Amino acid sequence: TARVLLLRNCNVVMACRDSKKMSQMAKTIIERVKLDSKDSSKGQLVEMVVDMSSIKSVKNFCAEYKSKGYPLHLLVLNAGLYANEKKTSE
């Protein structure tokens, strides 16, 4: 999804809890976009860390996102959760 949006000149904020894995995936996506793009106009990929199991992390993410002044036109959630019991991180 991120690759296609970038190819269509959209700016994408990639929000993940693991910054190392996110950076590796972002690098892969950017390399694929460079291969797939026929022109130089591409969107920008921004990496931001957020742990959705932590309300503190979510609030920090929201504050950082707002401070950057990014508009929000589309929200794609691509996460899954399976839990037998209720747990919180804090």
Side-chain angles (χ1 to χ4, degrees):
T1 303
R3 182 184 63 82
V4 172
L5 290 170
L6 289 167
L7 285 168
R8 286 172 173 68
N9 206 23
C10 297
N11 294 324
V12 175
V13 175
M14 181 185 282
C16 303
R17 71 173 174 257
D18 186 321
S19 62
K20 184 177 178 182
K21 288 180 182 178
M22 176 174 49
S23 292
Q24 291 170 345
M25 184 51 65
K27 182 179 176 184
T28 300
I29 291 169
I30 290 168
E31 288 172 0
R32 289 277 313 274
V33 167
K34 287 178 183 175
L35 290 174
D36 295 343
S37 180
K38 295 186 182 0
D39 60 40
S40 62
S41 62
K42 295 178 251 350
Q44 178 183 357
L45 180 64
V46 177
E47 301 171 42
M48 294 177 67
V49 176
V50 62
D51 180 355
M52 297 300 285
S53 70
S54 165
I55 193 67
K56 181 179 178 183
S57 177
V58 171
K59 286 181 178 181
N60 288 341
F61 170 84
C62 291
E64 182 182 355
Y65 185 90
K66 283 182 176 181
S67 74
K68 294 181 183 289
Y70 299 142
L72 179 62
H73 300 288
L74 176 68
L75 180 62
V76 178
L77 301 174
N78 186 22
L81 172 69
Y82 174 79
N84 288 332
E85 59 187 70
K86 181 179 177 180
K87 288 198 281 187
T88 59
S89 65
E90 300 165 350

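Since the model is a prediction, treat every value here as computed from it, not as a measurement.
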State, with a plain yes or no, whether a side-chain heavy atom of Leu7 is found less than 4.5 Å away from one of Arg3. yes
Ile30, Val4: one ILVMFWY side-chain cluster at the under-4.5 Å cut-off? no
Within-4.5 Å side-chain heavy-atom neighbours: Phe61 and Asp51: no
Examine distances only and state if a side-chain atom of Thr28 and a backbone atom of Gln24 form a donor-acceptor pair shorter than 3.5 Å. yes
For a 4.5 angstrom cut-off between non-hydrogen side-chain atoms, does Ile55 reach Lys59? yes
Would you say the side chain of Asp18 lies within less than 4.5 Å of the side chain of Cys16, judging by non-hydrogen atoms? no
How about CE on Met25, more than 12 heavy atoms from neighbouring residues, nucleotides or ligands closer than 6.0 Å, or not? no
In this structure, would Met48 and Leu72 fall into the same cluster of hydrophobic residues linked by side-chain contacts under 4.5 Å? yes
Any side-chain heavy-atom pair from Met14 and Leu45 closer than 4.5 angstrom? yes
Answer whether the closest heavy-atom distance between the side chains of Val46 and Asn11 falls below 4.5 Å. no
So Val58 and Met52, do their side chains get closer than 4.5 Å, heavy atoms only? yes
Donor on one side chain, acceptor on other, Glu47 and Ser19, under 3.5 Å: no
Count I, L, V, M, F, W, Y as connected when their side-chain heavy atoms are under 4.5 Å apart, and connections chain through other members. Are Leu35 and Val12 then in the same cluster? no
Working to the nearest 0.5 Å, report the span between OG of Ser53 and CZ of Arg17. 7.0 Å
Return the OG1 to CD1 distance between Thr1 and Ile29, rounded to the nearest 0.5 Å. 9.0 Å
Would you say Tyr65's side chain and Asn60's backbone share a donor-acceptor pair under 3.5 angstrom? no
Below 4.5 Å, heavy atoms only, C-beta onward: do Leu5 and Leu74 meet side chain to side chain? yes
Trace of the side-chain contact (heavy atoms from CB on, under 4.5 Å) decision for Val49 with Met22: CA-CA 8 Å; Val49 176; Met22 176 174 49; 3.7 Å; yes
